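Ligands are counted one by one from 1 in listed order, and the atoms in each one are counted from 1 as well. Computed from a predicted model, the values in this text were never measured in an experiment.
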Amino acid sequence: MRAVPTEAIPLPPPRHVAIIMDGNGRWAKTRGLPRVAGHQRGADAVRSTVIACRELGIAYLTLYAFSSENWKRPPAEVDDLMGLLRLYLRRELAELHRNGVRVKVIGERQRLAGDITALIEEAEGRTHANLGLTLVIALNYGSHDEIVAACKRIAERVEAGGLSAAQVDETLFAGHLQTVGIPDPDLVIRTSGEQRLSNFLLWQAAYAELCFIDTLWPDFSKQHLVDAIHEFHRRERRFGASSG
Ligand code: IPE
Ligand code: IPE
Ligand code: MG
């Protein structure tokens, strides 16, 4: 009897997959193209990854689209990235909604252009009751900003007298993060061979399995996602306990 390759066996999907989509610039560079071409192809990979997550039955997908540090890039590149985001939200919203995807955006919105904030609000508002995949887009997101903002809000509540310091625990703290209501990621994937978190979900990924793959983001496909899920299932998650 021929053995079934493990890769052919369907596996229960992790509930929440988070992806650091890295390598657009290098993808373009190796082809002699401008960086924006890599970002454009990166947007195509976003589209196909959302479809793959729906097909695989993943409940939450968080995509790191723009970090709070990415403003350090040349203004023209920032404009290109914001332009692609506009395009994505305008073009994809109807289809996302039709497919039952619930869109949520985390990150600091004040620095974003007004029309982008409006598009985000429209996407979140229109899709908020959907029961399919929750797509979380991390935009102008940085964990340090998020954690400091949570500390400030908690300190203000304590100052106002509505809360005592003794009441501050993990649950209360997590409730002040932008990811409130979203389960912690089970699997964090970073493409392009870099092995760091770059200020992404530092609190929430405390016990996530980390999967670093060499593929550049524009080349990321459903098969890479399936491979990462197999890798996830090969790991033994202990959460601090002894191995069984
Ligand atoms: C990821 O690709 C896109 C963003 C960070 C917005 P990069 O633009 O970082 O690509 P590399 O790392 O320079 O190849
Ligand atoms: C992380 O990628 C941010 C996003 C993918 C949006 P970067 O390319 O900005 O990260 P560093 O600079 O290599 O750490
Ligand atoms: Mg990069």
Side-chain angles (χ1 to χ4, degrees), residues 16-50 52-53 60-92 103-113 116-117 119-120 123 135-147 177-179 182 185 187-205 208-221 224-225 228:
H16 184 173
V17 176
I19 307 183
I20 302 171
M21 311 182 288
D22 199 11
N24 295 351
R26 279 162 281 171
W27 185 94
K29 195 174 178 193
T30 54
R31 286 163 179 78
L33 297 169
R35 291 179 65 85
V36 66
H39 296 315
Q40 280 161 349
R41 290 296 288 265
D44 295 341
V46 167
R47 193 169 190 279
S48 58
T49 301
V50 169
C53 285
Y60 294 84
L61 169 68
T62 298
L63 296 176
Y64 204 5
F66 191 91
S67 79
S68 49
E69 287 71 37
N70 285 148
W71 298 106
K72 293 178 194 161
R73 297 190 179 200
E77 184 175 355
V78 171
D79 280 354
D80 287 339
L81 286 164
M82 293 297 161
L84 279 166
L85 181 84
R86 273 189 191 95
L87 213 63
Y88 180 82
L89 289 171
R90 285 207 193 105
R91 277 199 192 150
E92 302 294 325
V103 178
K104 192 170 161 37
V105 176
I106 56 170
E108 180 51 65
R109 291 190 196 180
Q110 264 162 19
R111 200 168 166 182
L112 301 176
I116 292 189
T117 315
L119 282 169
I120 291 170
L135 170 63
V136 183
I137 303 172
L139 182 66
N140 191 22
Y141 174 85
S143 287
H144 285 182
D145 278 356
E146 180 191 34
I147 289 169
L177 296 173
Q178 291 166 7
T179 48
I182 300 168
L187 171 63
V188 174
I189 300 170
R190 184 174 187 145
T191 57
S192 88
E194 309 295 350
Q195 303 196 1
R196 55 178 169 266
L197 290 174
S198 300
N199 208 9
F200 184 52
L201 301 180
L202 298 185
W203 169 279
Q204 297 87 342
E209 293 298 330
L210 308 180
C211 189
F212 300 106
I213 66 170
D214 288 336
T215 307
L216 303 174
W217 175 249
D219 292 325
F220 189 82
S221 69
H224 294 107
L225 184 58

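- Looking at Asn70 against ligand 1, only its side chain comes within 4.0 Å, counting heavy atoms.
- Interface of Ala65 with ligand 2, defined as ligand atoms under 4.0 Å from a residue heavy atom, comprises 6 (C).
- Residue Arg26 places every heavy atom at 4.0 Å or more from ligand 2.
- Scanning the protein heavy atoms around atom 14 (O) of ligand 2, the nearest turns out to be Ser198 OG, 2.6 Å.
- When distances from the Mg ion (ligand 3) to the N, O or S atoms of Asp22 are compared, OD1 comes out shortest.
- When Arg190, Arg196, Met21, Glu194 are ranked by how near their heavy atoms come to atom 2 (O) of ligand 2, first place goes to Arg190.
- No N or O atom of Phe66 sits closer than 3.5 Å to an N or O atom of ligand 1.
- The Mg ion (ligand 3) does not have Glu194 among its coordinating residues (no N/O/S atom, backbone or side chain, under 2.8 Å).
- At least one N or O atom of Asp22 sits closer than 3.5 Å to an N or O atom of ligand 1.
- Heavy-atom contacts from other residues, nucleotides or ligands closer than 6.0 Å to CZ of Arg86 number more than 12.
- In terms of heavy-atom proximity, Gln178 sits nearest to Tyr141 at OE1-CD1, 3.7 Å.
- The distance from ligand 2 to the heavy atoms of Arg73 drops below 4.0 Å at these ligand atoms: 7 (P), 8 (O), 9 (O).
- Of all protein heavy atoms, the one lying nearest to atom 6 (C) of ligand 2 is Tyr64 O, 3.3 Å.
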